[in-house]
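One structure is given below, encoded as structure tokens.
Both counts, for ligands and for their atoms, begin at 1 and track the order of listing.
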Amino acid sequence: MDIVTDVGLMHKTAKAIRHDDKRIGCVPTMGYLHQGHLSLVRKARELSQVVVVSLFVNPTQFGPQEDYDTYPRDLPRDIQLLEETGCDILFQPTAEQMFPPGHSTVVEVRGLTDVLCGASRPEHFQGVTTVVTMLFDIIRPHLAVFGQKDAQQAIVIRRMVTDLHQDIEIVVAPTVREPDGLAMSSRNEYLSPRERLEAPVLYRALQWVRARVEAGERRGDALIEGMRRLIETASSGQIDYIAVVDTTWLRPLEELSGEVLIALAVKFGRARLIDNIILNIGNHGAPGSPEAPSTDAQ
Ligand code: AMP
């Protein structure tokens, strides 16, 4: 695996790969890799000839009170995992190179970014879309793989790619979980032993929704209230939001139909955990009808 730390060199490398007519697949990450990240690398491997993983803890997507300084980092381990998984190039620029003095340009996706996670993290998605656009311009990928775990991020990036006519295929890969259902996350590191025991309640709440919907429940409010009760009873987690929304505009759904995103964010101590599922509900399935919704593969 080559490690490229210079923006100019990455530009040149990408140009040469494209000149050879090879397909570049990229996986943007902030490092401290786990099996969730590695599943995206494998997906990129399947779909392209040259896999570029970027590792950049992007300061602009953290709020002033957030965990940029303490975000977990372990470069030697990340390098080893990427070597084992089949990454061709690790692109690892410095913040100084990406955001030199005078950097003034941002990419903003409006509307989709001030709800759900954007409501409590106002600058977050602008930081993500700006840096992802910069990475796309530097790495010049044919496709980029993102995780379903960050469902809103994937939806925002798809919107951005469509709106800006960026010629890049966006692939979204399923959430990888611990055996007890907790979605893998670099921030799980922050959990105390007790919080770690409680944290799978997020997944249980999502599974409860899946079962209620399969039994015919279609009322968004009832599902949100049920999840709230379940989480508050079974854990010390502080709920940031629980949302039942459509997957295009992230608008709240009173009555579930079509493709529905059930998403939540809950704080356990200093770890803010997010999780979600997407359910596909047939338009003709009346509440209580035997026609079960087809659900995602998680
Ligand atoms: P991060 O390093 O947290 O910025 O995540 C980099 C990429 O990995 C994003 O596209 C995430 O959605 C994805 N990702 C993080 N955790 C998981 C997981 N448990 N399963 C699948 N993808 C994940």
Atoms in ligand 1 with a heavy atom of [X] nearer than 4.0 Å:
X	value
P28	6 (C), 7 (C)
M184	16 (N), 17 (C), 18 (C), 19 (N)
T175	20 (N), 21 (C)
T29	2 (O), 6 (C)

Take a 6.0 Å sphere around [atom1] of [X] and say whether it holds more than 12 heavy atoms from other residues, nucleotides or ligands.
X	atom1	answer
E84	CD	yes
E123	CD	no
D20	CG	yes
R140	CZ	no
R18	CZ	yes

Electrostatic pair [X]:[Y] at N-O distance under 4.0 angstrom:
X	Y	value
R23	E169	yes
E198	R194	yes
R272	D240	yes
R73	D78	no

**Message:** For R204 and D275: C-alpha separation, side-chain torsions, deciding distance, then whether salt bridge (charged side-chain N to carboxylate O under 4.0 Å, His left out) applies.
**Reply:** CA-CA 11 Å; R204 287 207 303 278; D275 203 347; over 6 Å; no
Residue and atom name of the nearest protein heavy atom (relative to [atom]), distance in Å to one decimal:
atom	value
atom 21 (C) of ligand 1	P174 O, 3.5 Å
atom 12 (O) of ligand 1	D150 OD1, 2.6 Å
atom 20 (N) of ligand 1	V176 N, 2.9 Å
atom 13 (C) of ligand 1	L40 CD1, 3.6 Å

* Asked: Yes or no on ring pair (Phe, Tyr, Trp, His ring centres under 6.0 Å) for F62 and Y71, after CA distance, side-chain angles and deciding distance?
  -> CA-CA 10 Å; F62 290 78; Y71 194 80; 5.8 Å; yes
Under 4.0 Å between heavy atoms, the region of A154 that gets near ligand 1 turns out to be neither
So for V27 against ligand 1, with non-hydrogen atoms under 4.0 Å, the contacting part is neither
Best match, [options]: closest heavy atom to [atom]:
atom	options	value
atom 23 (C) of ligand 1	K149, Q153, R177	K149
atom 5 (O) of ligand 1	E178, H37, M30	H37
atom 15 (C) of ligand 1	Q61, H34, R187, K43	H34

Do any N/O atoms on [X] end up under 3.5 angstrom from N/O atoms on ligand 1?
X	result
Q148	no
F146	no
A183	no
G147	yes

